[in-house]
Every structure is written in C-alpha cells, then in structure tokens.
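Working notes, structure below.
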There are 2 protein chains.
Amino acid sequence: MENPNENPLPLPTIRRYPIFLRAIGEMMDAGEAFISSSVLAERLGLDPVLTRKDLAMAGVPGRPRRGYPAEELRAAINRALGWDSATDAVLVGTGSLGSALLGYAGFKEQNLSIVAAFDANPRLAGSTVHGVKVRPLAEMARLVRRLKVHLAILTVPTAAAQACAETLVEAGVRGILNFSSAQLSVPEGVIVQNVDLAQPLAVLSHAIARHG
Amino acid sequence: MENPNENPLPLPTIRRYPIFLRAIGEMMDAGEAFISSSVLAERLGLDPVLTRKDLAMAGVPGRPRRGYPAEELRAAINRALGWDSATDAVLVGTGSLGSALLGYAGFKEQNLSIVAAFDANPRLAGSTVHGVKVRPLAEMARLVRRLKVHLAILTVPTAAAQACAETLVEAGVRGILNFSSAQLSVPEGVIVQNVDLAQPLAVLSHAIARHG
DNA sequence: TCTGAATCGGTATTCAAGTAGCGATATAAA
DNA sequence: TTTATATCGCTACTTGAATACCGATTCAGA
C-alpha cells in the first residue's frame with residue numbers, strides 16, 4: 001500500500017516542517033509572496049543550507065534571488081505531512097493532560113479534529129470538555145470503527161495504556177500519539193509516537209549539571 | 001566551568017536514560033538485583049547491543065552472565081542526568097497545560113520540585129493549583145533570583161514567551177523547557193528544550209499518509 | 001545592455017549514531 | 001572438575017544527517 005512516487009523524507013526534516021509552516025504563515029500574513037531559505041533560516045535560527053535542503057524536499061522549485069512561492073510551498077509541506085485534508089482523531093483519557101490537549105488550538109492548524117473523547121471513569125461520561133463530549137470507554141471500539149478514525153491521542157495512566165492501544169488498533173487505528181510512559185507494543189504497520197516529558201527534561205538537566 | 005572528567009554522552013543516549021530508569025525501577029521492585037542489557041532491551045523493544053552501549057556509558061561495570069548491579073546502575077544514570085540531587089524549578093503560565101504539568105507526578109521521580117508558579121493574569125494570583133501557589137508575574141524575577149532557581153518550565157502563550165524567557169535568564173535561569181511554539185533566542189550558555197506537540201504529530205500523520 | 005549580488009540546487013565531505021562481529025570472562029550445570 | 005553458555009566490552013563497519021563547497025540562474029540597478 002506504500003506510495004513509491006513520494007520519496008521518503010528524512011525524519012528530522014519532517015520534524016522541522018511544522019516549525020517552517022508557522023513561520024511561513026506569519027510571513028504570508030505580513031504580505032510576503034516569496035520565502036527565501038536564508039530569510040527563513042535567519043528567522044528560525046537555523047543553518048540556511050539545511051533549511052534550503054528541507055524546503056527543496058517539498059518539491060516546489062525556487063527562484064534565484066526570490067525564493068520559494070509562499071502559497072505553493074506551504075501547500076506542498078502540508079501535503080507532505082498529510083495536513084492538506086482534514087483528519088479525524090479520538091482522545092482517550094480526559095485527565096488534566098487530556099483536558100488540556102482538548103483545548104489545544106494548534107490541532108486546527110494541522111487540520112486535525114478530535115471527534116470524540118473517552119474516559120474510563122463512568123462519572124465523567126456525559127460531561128463536555130472544551131466542546132467535546134466525554135464518552136465511556138466501552139463505546140470506544142464501536143465508535144472508532146464506525147467513524148473510521150485512524151489516529152488516537154492516548155493520555156491514560158501508564159498501567160492502562162497497553163490495553164487501550166490494543167482496543168484502538170483492533171478498531172482500526174493506525175497511529176497513536178502516546179503520552180503515557182508505557183512502551184506500547186503494537187502490530188506491524190501501526191505507528192506509535194511517544195511524547196515523553198522526561199526526555200527533554202533529561203537533556204536539560206544533564207546539560208545544566210555538566211556545565212556546573 | 002565545564003567538567004572535563006565527565007565524558008559527554010550522546011544525546012540519544014540521554015533521551016533513553018529516563019526510559020531505562022523506569023524499567024530498572026520496576027525490575028528492582030520485582031526483586032531483581034542485577035539488570036542484564038538483553039533482558040532490559042527485550043522489555044523495552046530495543047536492540048540489545050545499543051542498550052548495552054548505553055548502559056556501559058553510565059560507567060558501572062557489568063558482570064558476565066549476570067548483568068549490571070541494579071542499584072549502582074540506577075544511581076549512576078541518575079547522577080549522569082543530574083537527577084541525584086533535588087533540583088528546583090519554576091513554572092510560568094498556569095493555563096490548562098501549565099496546570100496539568102503542576103499535577104504531573106513524574107517530576108518527583110526526577111527529583112524536580114516546582115517551587116513556584118506564575119501567571120500574567122492577576123486574577124489567578126493567590127489561587128493554588130495542585131498545591132502550588134500562583135503568583136503574579138511581577139514577582140517572578142525577584143523570587144527566582146532569591147531562590148536561586150536555574151530551571152524554568154514555560155507554558156505561556158507564544159506571543160509572551162520571548163519576554164518571559166528574557167526575564168528568567170536575567171534572573172539566573174540556565175535551562176528552559178519551552179512548551180510555546182516560539183523560537184526562543186537566549187544568550188550562550190542557556191539551554192532551551194522545545195516541547196512541540198506538532199512534531200510527533202507530523203511524524204505520525206506523514207507516516208499514515210504515506211502508507212495509504 | 002551590462003554587471004553584480006543574492007539565491008537556488010547539486011555534489012562531496014565530515015560527523016554522529018546505530019549495527020555487526022568477536023574474543024574474554026564469569027557463572028551455572030554436568 | 002570440566003564444559004557449555006550467557007553476557008560483557010571492545011573494535012570495526014554502515015548508515016543517515018549535517019556541513020561545506022561551487023556552479024547555475026535570475027533579478028536589480030547602473
């Protein structure tokens with residue numbers, strides 16, 4: 001099912017794309033019709049050559065002394081990330097972190113809409129968080145399947161994460177954004193991205209500790 | 001001010017250390033006195049060789065057919081990360097994300113205590129979130145300086161981030177965990193770690209989009 | 001029209017990290 | 001006591017990404 005036309009992008013490039021998108025949007029708002037790699041790099045504190053290579057991978061030709069056409073560039077990056085068409089997602093676990101994510105405005109820019117939220121606590125069922133109705137966990141499999149949702153945001157306690165993940169995958173989910181500290185084991189073809197607060201904290205405190 | 005005795009750890013190794021620490025803790029709770037790289041790797045779904053190299057960097061010698069002494073290994077990793085002694089931090093911005101972080105239990109395991117929280121909204125001042133008193137932003141510089149806090153968690157709106165960062169650095173902060181999407185510009189020697197939700201999401205949706 | 005400067009786009013090099021292979025060693029079992 | 005084996009720890013090797021370099025292009029201004 002893989003598409004051989006699209007050449008694979010380096011992972012670091014993919015990670016930088018959202019940052020580029022924000023800056024491009026701001027520059028377009030400021031009236032710019034062309035984005036040069038040097039200006040963009042300057043703005044973001046990145047190497048201009050690295051930036052140019054990243055932009056080149058989007059496939060939009062740039063023009064000497066002008067840069068890349070802003071609108072086309074943005075569209076191409078969005079397409080590369082799969083952010084060009086609306087994507088549905090569900091959120092599982094409406095604790096404090098889950099609730100905070102339901103209010104996260106950034107998802108809209110990424111064409112991501114959270115169509116349902118679930119929680120194991122039946123007393124939360126029926127309540128509404130940031131405009132999304134919370135449903136009991138028992139309804140999850142059926143609803144995910146019916147709505148054909150392929151992306152899930154997992155903000156449940158670590159102990160519950162693996163079981164939730166299995167239910168989600170069974171129901172058709174292909175990608176999981178995992179905020180728990182469980183190491184999820186999923187079948188081939190399902191992609192898990194862990195968001196582990198301890199990792200950047202480790203980098204930070206290690207660097208501070210070393211520098212005295 | 002750099003300590004030349006400590007050899008620098010690869011960044012990926014540092015990021016894996018918190019994951020190792022959790023697993024080691026669980027295995028110790030289960031009564032294990034020795035941790036072998038193969039068992040740990042199996043448990044975490046990592047390459048055994050890679051795991052062994054990571055563990056070796058902690059500087060604790062392992063024994064053939066046994067593995068690494070659990071207690072010493074954990075202590076060494078904690079030391080490498082600067083998590084062996086208590087560290088104070090402040091949190092700036094008590095919106096929904098900031099409040100969620102104030103309730104994050106993981107900080108305790110990392111010997112990190114949030115000693116103060118600040119918010120620009122004066123109406124929030126005086127309230128208490130997860131046991132931490134919220135103070136007005138105006139008190140931040142003075143208090144950070146007085147308490148000699150070197151680490152800050154920044155959960156303010158993107159537009160306010162740069163100004164906050166400058167105040168914090170001016171007051172003595174050496175590391176910033178930045179949850180806003182601003183690209184902070186800070187003086188040399190100050191370390192910023194960005195936590196950008198859009199990045200793992202980009203990796204996820206890109207992969208899903210490619211796989212059809 | 002001519003000249004210069006900024007920018008793109010490709011190639012080559014360097015560097016860091018992950019991977020592979022293998023001998024050394026201590027432990028457990030025969 | 002001997003033997004088999006799991007594990008460590010060292011030394012290449014490979015891969016992927018960042019960096020450096022340089023020619024090609026096109027626009028702005030003289």
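Worth knowing before you read on, the calculation uses all heavy atoms, side chains too, and leaves out hydrogens, waters and symmetry mates. Order of the sequence lines sets the chain letters (A, B, ...), proteins ahead of strands, with each chain counted from 1.
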CA sep, side-chain torsions, deciding dist, call: Phe179(B), Leu197(A), side-chain contact (heavy atoms from CB on, under 4.5 Å): CA-CA 11 Å; Phe179(B) 285 83; Leu197(A) 191 50; 3.3 Å; yes
To the nearest Å, how far apart are [X] [atom1] and [N] [atom2]?
X	N	atom1	atom2	value
Leu9(A)	dA17(D)	CG	C1'	14 Å
Leu11(A)	dA16(C)	CG	C1'	16 Å
Met57(A)	dC8(C)	CE	P	15 Å
Leu55(B)	dC8(D)	CG	P	8 Å

Within residues 13-32 of chain A, residues whose heavy atoms come under 4.0 Å of DNA chain C: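 Output list: empty, so none.
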Contact list for DNA chain C against residues 185-198 of chain A - heavy-atom distance below 4.0 Å: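 Heavy-atom contacts with DNA chain C come from no residue of residues 185-198 of chain A; none.
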side-chain contact (heavy atoms from CB on, under 4.5 Å) between Ile208(A) and Ile191(B), worked out: CA-CA 8 Å; Ile208(A) 293 178; Ile191(B) 301 133; 4.2 Å; yes
Arg145(A), CZ atom: more than 12 neighbouring heavy atoms under 6.0 Å: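 Yes - once you tally the heavy atoms of other residues, nucleotides and ligands closer than 6.0 Å, there are more than 12.
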Protein proximity profile, nucleotides 19-30 of chain D - base contact B, sugar-phosphate-only contact S, no contact -, cut-off 4.0 Å on heavy atoms: B-----BBBS--
Qualifying residue, where the test is side chain to side chain contact (heavy atoms under 4.5 Å, CB included) with Val129(B) and the options are Leu91(B), Asp119(B), Val134(B):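 Running side chain to side chain contact (heavy atoms under 4.5 Å, CB included) over Leu91(B), Asp119(B), Val134(B) with Val129(B) returns exactly one hit, Val134(B).
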Salt-bridge present (Arg16(A), Asp196(B); N to O < 4.0 Å):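 Salt bridge absent between Arg16(A) and Asp196(B).
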Contact under 4.0 Å: Ser38(A) side-chain N or O vs dA6(C) OP1/OP2: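 No, outside the criterion.
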side-chain hydrogen bond (donor to acceptor under 3.5 Å, both in side chains) between Asn194(A) and Asn178(A), worked out: CA-CA 5 Å; Asn194(A) 297 308; Asn178(A) 174 32; 2.7 Å; yes
Side-chain donor-acceptor contact under 3.5 Å, Ser37(A) with Thr51(A):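 Side chains of Ser37(A) and Thr51(A): no pair found under 3.5 Å.
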Residues Thr94(A) and Ser99(A): side-chain donor-acceptor under 3.5 angstrom: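 There is no such pair between these side chains.
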Evaluation steps, side-chain contact (heavy atoms from CB on, under 4.5 Å), between Ser205(A) and Gln110(B): CA-CA 10 Å; Ser205(A) 47; Gln110(B) 289 131 33; over 6 Å; no
Sugar-phosphate only, base, or nothing, as touched by Pro48(A) at under 4.0 Å among non-hydrogen atoms: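 Nothing: the residue Pro48(A), judged by heavy atoms under 4.0 Å, touches no strand.
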Least distance between heavy atoms, Gly82(B) atom then Thr87(B) atom: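 Distance-wise, the nearest heavy atoms are O-OG1, 4.0 Å.
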Leu137(A) vs Val92(A), side-chain contact (heavy atoms from CB on, under 4.5 Å): CA-CA, chis, key distance, verdict: CA-CA 8 Å; Leu137(A) 211 55; Val92(A) 192; 3.8 Å; yes
